[in-house]
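Working notes for the structure below.
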Amino acid sequence: MNRVFVCSCFGVTEEQVKGHAEAGACTPRQIASACKAGTDCGGCVRRIQALLGRGSCPRRQLADQGEPVLAEFPEAA
């Protein structure tokens, strides 16, 4: 399997970011909360934004209200 790393600092792959997005992460900050990607050098934040896209997020309203929107995530492989 060919792994494409998004965050070299924490070894987070594109597949992992997409998985967190499918579980409800809508923003780079929510991705960071789930797996630390983007919290060290910050070089991957634009790539994370691109992976998240500009589409609507079904949980954005909850996030705007300060409600928890992410499910529990297994530890990174």
Side-chain angles (χ1 to χ4, degrees):
M1 182 172 133
N2 190 11
R3 290 186 179 194
V4 177
F5 286 94
V6 173
C7 176
S8 299
C9 296
F10 293 104
V12 179
T13 65
E14 189 173 292
E15 187 174 325
Q16 288 172 303
V17 170
K18 288 178 181 178
H20 293 307
E22 288 172 9
C26 301
T27 66
R29 183 172 287 177
Q30 290 172 340
I31 295 292
S33 293
C35 63
K36 296 186 182 178
T39 62
D40 194 22
C41 79
C44 60
V45 174
R46 287 182 188 258
R47 179 70 182 135
I48 292 168
Q49 288 173 323
L51 288 170
L52 293 174
R54 301 273 181 207
S56 64
C57 177
R59 295 184 175 110
R60 186 169 307 280
Q61 186 176 5
L62 290 175
D64 290 345
Q65 295 171 355
E67 298 290 327
V69 295
L70 297 178
E72 291 295 316
F73 296 104
E75 290 297 315

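For this chain, numbers begin at 1 and follow the sequence in order.
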**Item:** Nearest heavy atoms of Pro28 and Leu52, plus distance in Å
**Value:** N-CD1, 3.6 Å
**Asked** Which distance, rounded to the nearest 0.5 Å, do you find between the NE2 of His20 and the CD of Glu22?
**Response** 11.0 Å
Quiz: residues 34-48 side-chain donor-acceptor pairs under 3.5 angstrom, not counting sequence neighbours:
residue: Thr39; atom: OG1; partner: Lys36; partner atom: O; Å: 2.6
residue: Arg47; atom: NH2; partner: Glu14; partner atom: OE1; Å: 2.5

**Message:** According to a hydrophobic-cluster definition based on side-chain heavy atoms being under 4.5 Å apart (Ile, Leu, Val, Met, Phe, Trp, Tyr only), do Val6 and Phe10 belong together?
**Reply:** yes
**Message:** Minimum heavy-atom separation for Val17 and Ile31, please, with both atom names.
**Reply:** O-CD1, 3.8 Å
